[in-house]
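See structure below.
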Amino acid sequence: MITLPPKFKVGDTIYWYCSEDDCVHHAVVQYVNFAKVGEHYLEVNYEVEAICKGEKRTLFIDDYDAMECEY
């Protein structure tokens, strides 16, 4: 399997843009997940709990959407 190492680890705080409420959210990474995509590639996502639109949710933030600070 080919994959780049994850940018973040469990316990890191990540930021991402949410198009549902047009703002940047942040949360602590609870799990780093690897999902098989095709035969030779693993995709990385980060499992977090965050408040979105007034509701606590478990979200899976793709590696390419995760940022280390709010831009």
Side-chain angles (χ1 to χ4, degrees):
M1 292 282 160
I2 298 171
T3 187
L4 297 174
K7 293 186 277 187
F8 302 98
K9 62 186 182 311
V10 171
D12 288 347
T13 298
I14 61 170
Y15 296 79
W16 66 96
Y17 172 75
C18 177
S19 60
E20 285 188 39
D21 57 6
D22 194 32
C23 71
V24 175
H25 291 284
H26 69 281
V28 174
V29 174
Q30 295 180 337
Y31 299 99
V32 178
N33 301 308
F34 297 88
K36 187 175 179 181
V37 178
E39 191 173 321
H40 301 287
Y41 182 72
L42 288 176
E43 184 175 278
V44 176
N45 67 48
Y46 305 101
E47 188 172 334
V48 300
E49 282 190 355
I51 304 295
C52 182
K53 297 181 83 172
E55 181 179 313
K56 187 175 183 177
R57 298 181 181 181
T58 298
L59 303 170
F60 300 89
I61 308 303
D62 290 329
D63 194 45
Y64 57 83
D65 288 332
M67 302 177 285
E68 60 188 33
C69 61
E70 187 174 354
Y71 290 103

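Keep in mind that this is a model prediction, so the values were computed, not measured.
- Nearest heavy-atom pair, W16 versus L59, reported as atom, atom and distance to 0.1 Å: CZ2-CD1, 3.7 Å.
- Note on residues 4-16: pairs passing salt bridge (Lys or Arg N to Asp or Glu O under 4.0 Å), not counting sequence neighbours, are K9-D12.
- Residues in residues 16-29 take part in these salt bridge (Lys or Arg N to Asp or Glu O under 4.0 Å) pairs, two or more places apart or across chains: E20-R57.
- Around atom OH of Y17, more than 12 heavy atoms belonging to other residues, nucleotides or ligands sit under 6.0 Å away.
- Take D65 and apply the side chain to side chain contact (heavy atoms under 4.5 Å, CB included) test, not counting sequence neighbours, and it matches I61, D62.
- To the nearest 0.5 Å, atom CE of residue M67 and atom CD1 of residue I14 are 9.5 Å apart.
- For V37, the side chain to side chain contact (heavy atoms under 4.5 Å, CB included) partners two or more places apart in sequence, or in a different chain, are Y41, E43.
- Distance NE2/H26 to SG/C18: 13.5 Å, rounded to 0.5 Å.
- Taking 4.5 Å as the limit, some side-chain heavy atom of F34 sits within range of a side-chain heavy atom of V44.
- For the pair F8 and Y46, the tightest heavy-atom approach, listed with the atom from each and the gap, is N-OH, 3.2 Å.
- For Q30, the side chain to side chain contact (heavy atoms under 4.5 Å, CB included) partners at least two apart in sequence or on another chain are E49.
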